[in-house]
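Before I ask anything, here is the structure I am working with.
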Amino acid sequence: MTDRADLVVVGAGTVGGWASVFAKADGIGRVIVIERGVAGGGASSRAAGIVRAQGGTPATVALGRWSIDFYRGQGTAYGTDSGFRELGYLILAVTEEDERLGRARVDMQHRAGLADVRWLDSHEATAIAGTLAADGHRGGSYRAGDGYIDPPRNVRAYSLAMQAAGVELRERCAFTGLRTSGDGSRVTGVETANGVIETERVLLTGGPSLRSVGELAGVRIPAGAARHTVAVLETHDTFDVERMPMVFDLTAGLYWRLEEGGLLFGWSDPDESPGEAREIDWAAYERYRERLAGYVPATRDLGLRKIWAATIDYTADHLPILGPGLRPDGTAIDGVSVALAAGHGMMWGPGVARVAADLAVHGETSLIDVKDVGLDRFDVQGRSRVVPDSVALPYPAAVE
């Protein structure tokens with residue numbers, strides 16, 4: 001018997017999961033999601049849950065705004081949600097140059113329609129953040145509507161939504177390649193470890209593993225993978241509050257937020273070599289822990305409650321990848337789309353998934369202008385021709 005689908009999605013992470021739900025809602029017939037492990041078993045369940053509309057480009061502002069609106073409406077739309085909490089988000093300026101760039105970024109965000117983001121001076125920032133030290137910073141940009149989600153709850157939410165929509169999820173079913181027409185111009189099927197699925201539409205996702213997925217598909221995807229570490233400190237009376245904004249030290253790539261009566265903090269180290277990594281770098285932990293104590297003195301003597309490292313994805317310009325799958329010679333494979341959130345799966349994931357579903361089903365989208373987020377922006381060395389997003393963790397400079 002021949003196995004057929006109207007759309008095959010490779011990868012059951014945040015992007016692949018929600019994209020499959022959106023595609024079904026748009027009226028496409030049979031949707032099959034294949035996953036080499038289990039749904040959400042990669043970066044989607046190991047993230048810190050950061051959600052903000054304070055992007056560094058108009059496109060990422062739009063993705064963030066759409067995603068936050070989506071999180072707010074999940075309960076009504078799906079009867080389940082990702083645990084979104086609007087606690088506010090403060091992006092610190094440490095140097096005079098940070099402040100200059102930050103104020104210019106706020107102006108851009110206003111032009112992009114994000115009217116409620118504002119600049120706080122150091123006194124205002126200290127007052128609104130509660131536990132933030134009065135010195136060591138120059139204030140920063142702030143938006144009350146930003147916040148965070150619960151990553152494991154998000155995996156549950158899209159898993160339930162997939163089930164309710166009639167999406168077929170095949171776990172422990174590895175993608176092994178594409179089948180194409182005789183001239184290679186269009187896709188005709190997907191090869192898996194469990195057999196072939198005939199289809200004319202394929203969406204490649206996969207987060208940190210997307211580069212290897214691309215290699216199997218004959219599509220060059222210049223996306224890197226790097227270690228990202230998250231830790232949670234013990235409870236403290238200072239953190240027993242209903243609301244305290246998340247704070248991001250953009251210069252150092254350090255952020256922190258409330259978590260179960262304690263403080264969660266995380267970081268990415270730009271000096272690391274790219275690659276899969278889930279071991280804890282304890283020397284880096286001590287450095288970032290000391291920097292955190294300078295901003296939040298109450299953390300200095302707190303014990304460590306838990307810590308984990310995850311491999312997350314990134315691109316050279318910190319922007320997502322959304323567009324047709326391209327062969328190494330630059331020509332497109334008709335019917336193949338690629339989607340990557342570039343390390344922002346919780347923040348942009350629903351928006352990226354919405355665009356990905358639009359492109360896979362309709363061939364166009366109205367959410368963002370995709371001309372600068374396709375694979376064609378990269379040269380053969382993986383360098384991008386577009387201006388990078390300025391609000392991002394400091395990933396390694398290269399993707400290899």
Side-chain angles (χ1 to χ4, degrees), residues 43 45-52 85 87-95 98 122 125-126 128-140 146-148 150-152 225-241 243-312 314 343-344 346-347 391-396:
S45 60
R46 295 182 173 89
I50 304 168
V51 177
R52 56 169 165 77
R85 298 188 66 194
L87 297 183
Y89 199 117
L90 173 65
I91 301 177
L92 286 181
V94 177
T95 67
D98 290 343
S122 60
T126 299
I128 207 164
T131 60
L132 181 64
D135 55 5
H137 60 88
R138 303 171 65 91
D146 293 341
Y148 70 93
D150 180 334
R227 172 167 35 207
H228 181 74
T229 311
V230 182
V232 181
L233 301 180
E234 290 178 332
T235 59
H236 190 278
D237 291 344
T238 306
F239 306 130
D240 187 19
V241 294
R243 182 181 179 94
M244 188 181 83
M246 185 161 181
V247 184
F248 185 16
D249 174 8
L250 184 59
T251 302
L254 169 70
Y255 59 83
W256 60 94
R257 66 166 174 83
L258 294 175
E259 175 76 0
E260 300 174 352
L263 203 72
L264 175 150
F265 72 102
W267 71 89
S268 285
D269 187 346
D271 295 327
E272 285 197 16
S273 298
E276 294 272 342
R278 290 186 182 176
E279 302 81 14
I280 306 300
D281 183 342
W282 290 104
Y285 166 79
E286 294 296 341
R287 293 197 307 273
Y288 284 96
R289 178 75 190 262
E290 183 62 27
R291 189 173 181 99
L292 175 66
Y295 289 120
V296 188
T299 65
R300 187 169 295 279
D301 297 321
L302 292 181
L304 177 65
R305 186 160 43 169
K306 55 185 174 180
I307 186 170
W308 67 93
T311 305
I312 58 174
Y314 68 96
H344 300 85
M346 307 298 105
M347 188 183 306
V391 188
L393 290 165
Y395 301 117

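The figures that follow rest on heavy atoms only: side chains count, while hydrogens, waters and symmetry mates do not.
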Item checked: pair L233-L292: side-chain heavy atoms closer than 4.5 Å -> yes
Check: Taking the inter-plane angle between the rings of W267 and F265 on a 0 to 90° scale, is it parallel (under 30°), tilted (30 to 60°) or perpendicular (over 60°)?
Finding: parallel
Notebook entry, point to check: Hey, what do you get for CZ (R291) to OG1 (T299), rounding to the nearest 0.5 Å?
Noted result: 13.0 Å
Check: Shortest non-hydrogen contact from R289 to G303?
Finding: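 Looking at all heavy atoms of both residues, the shortest contact is NH2-N, 4.5 Å.
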Notebook entry, point to check: Do I50 and F248 pass the side chain to side chain contact (heavy atoms under 4.5 Å, CB included) test, and can you show the C-alpha distance, the side-chain angles, and the key distance before you say yes or no?
Noted result: CA-CA 10 Å; I50 304 168; F248 185 16; over 6 Å; no
Next item on the list: Rounded to the nearest 0.5 Å, what's the gap from NE2 on H137 to OG1 on T95? Could you check?
Entry: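 The NE2 atom of H137 sits 13.5 Å away from the OG1 atom of T95.
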Check: Is any side-chain heavy atom of L264 closer than 4.5 Å to a side-chain heavy atom of V230?
Finding: yes
Check: With distance as the sole criterion, is a donor-acceptor pair present between the side chains of D249 and Y255 under 3.5 Å?
Finding: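 No donor-acceptor contact under 3.5 Å links the two side chains.
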Check: In Å, rounded to the nearest 0.5 Å, how long is the span from CG of L263 to OG1 of T238?
Finding: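 Between L263 CG and T238 OG1, I get 10.0 Å after rounding to 0.5 Å.
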Next item on the list: May I ask you to test the S268-I312 pair for a side-chain heavy-atom distance under 4.5 Å?
Entry: yes
Notebook entry, point to check: Side chains of H228 and L393: does their closest heavy-atom pair fall under 4.5 Å?
Noted result: yes
Notebook entry, point to check: Can we say R300 and E290 salt-bridge, meaning some charged N sits less than 4.0 Å from an Asp/Glu carboxylate O?
Noted result: yes
Note to self: If the condition is salt bridge (Lys or Arg N to Asp or Glu O under 4.0 Å), which residues does R278 pass it with, not counting sequence neighbours?
What the structure shows: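 Partners of R278 under the salt bridge (Lys or Arg N to Asp or Glu O under 4.0 Å) test: none.
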Next item on the list: Identify the heavy atoms of A298 and F239 that sit nearest to each other, and give their distance.
Entry: CB-CZ, 4.4 Å
Check: Do E272 and R227 meet the salt-bridge criterion of a basic N to acidic O distance under 4.0 Å?
Finding: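 Yes, R227 and E272 are salt-bridged.
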Check: Got T235 and D240 here, is their nearest side-chain heavy-atom distance under 4.5 Å?
Finding: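 Result no, sub-4.5 Å side-chain heavy-atom pair not found.
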Item checked: Which atom of V94 lies closest to which atom of D98, heavy atoms considered -> N-OD2, 3.0 Å
Check: Are Y295 and V247 side-chain neighbours, meaning at least one heavy-atom pair lies under 4.5 Å?
Finding: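 Answer no - side chains too far apart.
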Notebook entry, point to check: Do any N or O atoms from the side chain of R52 and from the backbone of G88 form a donor-acceptor pair under 3.5 angstrom?
Noted result: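 Such a contact is absent between R52 side chain and G88 backbone.
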Margin query: If I take atom CG from residue L302 and atom CD from residue E234, how far apart are they, to the nearest 0.5 angstrom?
Written below: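 Going from CG on L302 over to CD on E234, the span is 6.5 Å.
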Check: Below 4.5 Å, heavy atoms only, C-beta onward: do R305 and E260 meet side chain to side chain?
Finding: yes
Note to self: Rounded to the nearest 0.5 Å, what separates atom CE in M347 from atom CG in D146?
What the structure shows: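 Between M347 CE and D146 CG, I get 8.5 Å after rounding to 0.5 Å.
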Check: Is the shortest side-chain N to carboxylate O distance from R287 to D269 below 4.0 Å?
Finding: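 Result for this pair is yes, salt bridge flagged.
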Next item on the list: Considering non-hydrogen atoms only, spot the tightest contact between A133 and T126 and give its length.
Entry: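 Looks like O-OG1, 3.3 Å.
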Check: What are the two closest heavy atoms between A310 and R46, and how far apart are they?
Finding: CB-CB, 3.5 Å
Next item on the list: For Y89, enumerate each residue passing the ring pair (Phe, Tyr, Trp, His ring centres under 6.0 Å) test, keeping only those at least two apart in sequence or located in another chain.
Entry: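 Here no residue qualifies.
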Next item on the list: Kindly give the heavy-atom pair with the smallest separation between P394 and G253, and that separation in Å.
Entry: CD-CA, 3.4 Å
Check: Do the non-hydrogen side-chain atoms of L92 and L132 ever get within less than 4.5 Å of each other?
Finding: yes
Next item on the list: Classify the side-chain pair D281/T229 by whether it contains a donor and acceptor separated by less than 3.5 Å.
Entry: no
Next item on the list: Rounded to the nearest 0.5 Å, what's the gap from CE on M246 to CD1 on I91? Could you check?
Entry: 10.0 Å
